[in-house]
Amino acid sequence: MDPDDEPIVKLEQQAYIVYKSRWFILTIYGLLITFQGSLWNTWGPLHDNMELAYNWDSVTFGLLPFWGPFCYVLSFLPWTWLMNSKGLRLPVLLSAGLVLAGCLAKLPAPFVSGDLFRILCHVCGFLNGLAAPALFTTPPMLAAIWFPRNERVTATAIGGSCQGLAIAASFIIGPLFVPEVSNSTLREANSTEIIIENIKSEVYVLNYSQLGIALAIFAVILAYFPNRPPTPPAVSCEVERVNLAAGLKSLSINTWLVVMAYGLPLGVSAGFSAAFDVNVSQYGIGQTQAGWMGFVAVLTGTVVSLLAARLIDWFPNASMKWFNIVFLGVATLCYVWFTLIFDKVLPGDTASIYVANVLANTALYSSLPLFYEMACESAFPIAEEVPAMLITSVNCFFASVFLALFFFPQIGTLWMNYVMTGACATAVPLLVLFREVHNRRNLDLTAQVGAQSDGRLQ
């Protein structure tokens with residue numbers, strides 16, 4: 001135990017202790033999920049350069065991110081069982097190992113043909129995708145095990161926001177390693193072959209850098225990432241959880257409403273973000289501009305989600321449901337605007353597209369951690385990993401369907417905007433029907449009030 005750790009609630013003989021090491025655990029997890037997500041979205045932000053150097057088409061750009069949600073849906077049940085039976089350490093360590101293996105798969109890139117390199121990128125995408133289920137499910141489980149009631153939503157928000165930060169990071173990191181080649185550079189170059197070779201060299205450096213980061217994160221988790229603290233931080237941590245099989249059978253229709261309200265818009269948004277460069281390139285926006293659009297949108301969404309989470313922790317009776325209804329309503333209106341600009345129904349320029357996309361994504365990503373908490377509160381005492389795995393699996397199912405449509409290039413890209421708008425609009429009535437409950441939070445508040453009245457709160 002850390003020297004300054006203090007018991008915050010005593011019930012009978014049990015002390016509930018908050019450990020400072022909780023922030024280290026959350027930080028290491030955040031680095032891993034951020035890196036895993038940025039690895040998943042490596043190639044979309046490099047659309048123009050990869051098209052020039054490797055002759056990749058829209059099918060390739062759609063299939064590479066497709067492996068993430070596809071592998072999630074394929075493997076989420078075994079991962080849920082593993083987390084339910086073995087705790088956090090083993091699943092997180094195995095996930096870090098799969099991410100590392102994916103980076104190793106790209107290592108031979110300088111010594112193989114372009115076609116073989118593309119296959120190796122698919123292998124990386126598949127292995128990295130297999131790592132996703134445990135990582136996407138971890139935030140509410142980690143928050144419930146390590147954090148007290150008045151920090152739990154914030155901890156979930158930090159962990160969940162790292163999934164969004166991963167997308168933001170990919171829009172910046174990739175183009176920093178592999179800068180966009182301007183049209184003027186292409187016109188002035190003596191040989192296109194020289195430019196292509198430069199792009200390939202930059203891609204190799206990016207691959208090696210990703211391998212180094214993956215290795216470092218894996219080593220840290222191997223050295224220290226315990227299942228749980230020696231003593232729980234809240235009374236709800238001691239409640240025996242309903243296991244995977246019984247939990248799936250006993251989930252209420254109310255919980256399924258929040259599962260669908262999360263999975264549909266956030267799943268479609270994941271596919272939309274992965275193919276964002278392909279979409280806006282039709283409007284003459286290059287990979288650098290598209291990258292900054294994506295970066296600013298996700299970053300602002302992360303900030304707003306953290307603020308909303310702190311409000312929920314400060315005011316335990318605040319409604320997460322109505323926060324998310326507002327967020328999804330704003331996202332729907334902004335995507336309507338975005339779509340009408342692309343359809344030339346409304347006048348617009350690059351600045352208008354920038355603002356519409358940033359506002360829509362800010363609202364959408366702000367809702368993410370609150371959805372996690374709503375699902376876990378509604379399902380309690382079912383183990384947190386069960387509803388968390390379920391909402392992220394539905395998310396990945398819709399992302400898979402969205403990205404699978406790229407296998408039919410003849411349909412163009414305008415459909416992307418309509419599907420994104422419809423997904424956000426459909427989620428709003430689902431949330432309106434959802435009945436918000438705070439089963440877990442009320443248990444902790446009752447225990448805290450009881451301890452205060454008995455003079456046992458220290």
Side-chain angles (χ1 to χ4, degrees), residues 28-47 50 54 56 60-76 78-79 82-83 90-138 162-163 165-171 173-174 177-178 200 202-222 225 270-271 273-275 392-393 396 399-400 403:
I28 295 304
Y29 161 76
L31 290 173
L32 176 57
I33 185 63
T34 300
F35 179 70
Q36 189 273 342
S38 64
L39 186 64
W40 170 72
N41 197 41
T42 295
W43 306 115
L46 302 180
H47 171 268
M50 300 307 291
Y54 290 97
W56 287 4
T60 299
F61 285 109
L63 182 57
L64 283 167
F66 170 81
W67 293 119
F70 174 78
C71 291
Y72 196 113
V73 174
L74 193 68
S75 63
F76 80 94
W79 279 113
L82 188 65
M83 297 184 78
L90 181 59
V92 172
L93 183 62
L94 288 175
S95 296
L98 285 166
V99 173
L100 176 59
C103 292
L104 283 168
K106 297 187 296 178
L107 203 58
F111 314 108
V112 299
S113 66
D115 288 339
L116 184 53
F117 173 60
R118 183 170 65 248
I119 293 172
L120 294 177
C121 289
H122 284 298
V123 173
C124 174
F126 183 85
L127 293 170
N128 190 60
L130 286 177
L135 299 182
F136 276 46
T137 307
T138 294
C162 287
Q163 300 172 22
L165 283 175
I167 306 298
S170 66
F171 281 119
I173 294 173
F177 278 89
V178 191
K200 289 182 177 180
E202 291 162 351
V203 169
Y204 303 153
V205 173
L206 173 61
N207 290 341
Y208 296 144
S209 301
Q210 289 174 332
L211 175 61
I213 294 171
L215 186 59
I217 294 174
F218 178 81
V220 172
I221 293 172
L222 182 64
F225 198 94
S273 297
T392 48
S393 298
C396 288
S400 299
L403 291 169

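Partner Lys106 forms a side-chain contact (heavy atoms from CB on, under 4.5 Å) with one of Leu39, Leu206, Leu211, Val203 and no other, that one being Leu39.
Residues meeting the side-chain hydrogen bond (donor to acceptor under 3.5 Å, both in side chains) test with Glu202, sequence neighbours left out: none. Partners of Phe61 according to the ring-ring contact (aromatic ring centres under 6.0 Å, His included) rule, which considers only residues two or more places apart in sequence or in another chain, are His47, Trp56. Residues meeting the side-chain contact (heavy atoms from CB on, under 4.5 Å) test with Pro78, sequence neighbours left out: none. In this structure Trp79 satisfies the side-chain hydrogen bond (donor to acceptor under 3.5 Å, both in side chains) test with no other residue, sequence neighbours excluded.
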Show the atom names and distances, to 0.1 Å, of all donor-acceptor pairs under 3.5 Å that link a side chain in residues 129-136 to residues at least two apart or in another chain.
none

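Note that CG of Leu46 is 9.0 Å distant from OG of Ser170, once rounded to the nearest 0.5 Å. Separation of atoms CD1 (Ile33) and OG (Ser38) is listed at 9.5 Å; rounding is to 0.5 Å. In this structure, the separation between SG on Cys103 and CZ on Phe35 is 4.0 Å, given to the nearest 0.5 Å. To the nearest 0.5 Å, atom CG of residue Leu403 and atom CZ of residue Phe70 are 12.5 Å apart. Taking CG from Asn128 and SG from Cys121, the interatomic distance works out to 12.0 Å, rounded to the nearest 0.5 Å. Atom CZ of Phe126 is separated from atom CZ of Phe66 by 11.0 Å, given to the nearest 0.5 angstrom.
No side-chain heavy atom of Phe225 sits less than 4.5 Å from a side-chain heavy atom of Leu32. Taking 4.5 Å as the limit, some side-chain heavy atom of Leu82 sits within range of a side-chain heavy atom of Leu94. When side chains are defined from C-beta on, Trp67 does not count as touching Val123, because their heavy atoms never get closer than 4.5 Å.
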Please assess Leu93 against Phe218 for the test side-chain contact (heavy atoms from CB on, under 4.5 Å), listing each intermediate value before the final yes or no. CA-CA 7 Å; Leu93 183 62; Phe218 178 81; 3.7 Å; yes
Could you go step by step and tell me if Ile217 and Val99 meet the side-chain contact (heavy atoms from CB on, under 4.5 Å) rule? CA-CA 10 Å; Ile217 294 174; Val99 173; over 6 Å; no
side-chain contact (heavy atoms from CB on, under 4.5 Å) between Leu100 and Leu215: does it pass, once the steps are laid out? CA-CA 6 Å; Leu100 176 59; Leu215 186 59; 4.0 Å; yes
Apply the test side-chain contact (heavy atoms from CB on, under 4.5 Å) to residues Met50 and Val178: give CA-CA distance (whole Å), side-chain angles for both, the deciding distance (0.1 Å), then the verdict. CA-CA 9 Å; Met50 300 307 291; Val178 191; 5.7 Å; no
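Of all heavy-atom pairs between Asn41 and Pro45, the closest is O-CD, 3.0 Å. Taking each heavy atom of Pro69 and Cys396 in turn, the nearest pair found is CB-O, 3.0 Å. Nearest heavy atoms, Pro110 versus Tyr208: CG-OH, 3.1 Å. Between Gly30 and Cys162, the closest heavy-atom pair is CA-SG, 3.6 Å. Of all heavy-atom pairs between Tyr72 and Ser393, the closest is CE2-OG, 3.2 Å.
Each side chain to side chain donor-acceptor pair (under 3.5 Å) pair with one or both residues in residues 91-104, not counting sequence neighbours, would appear here, but there are none.
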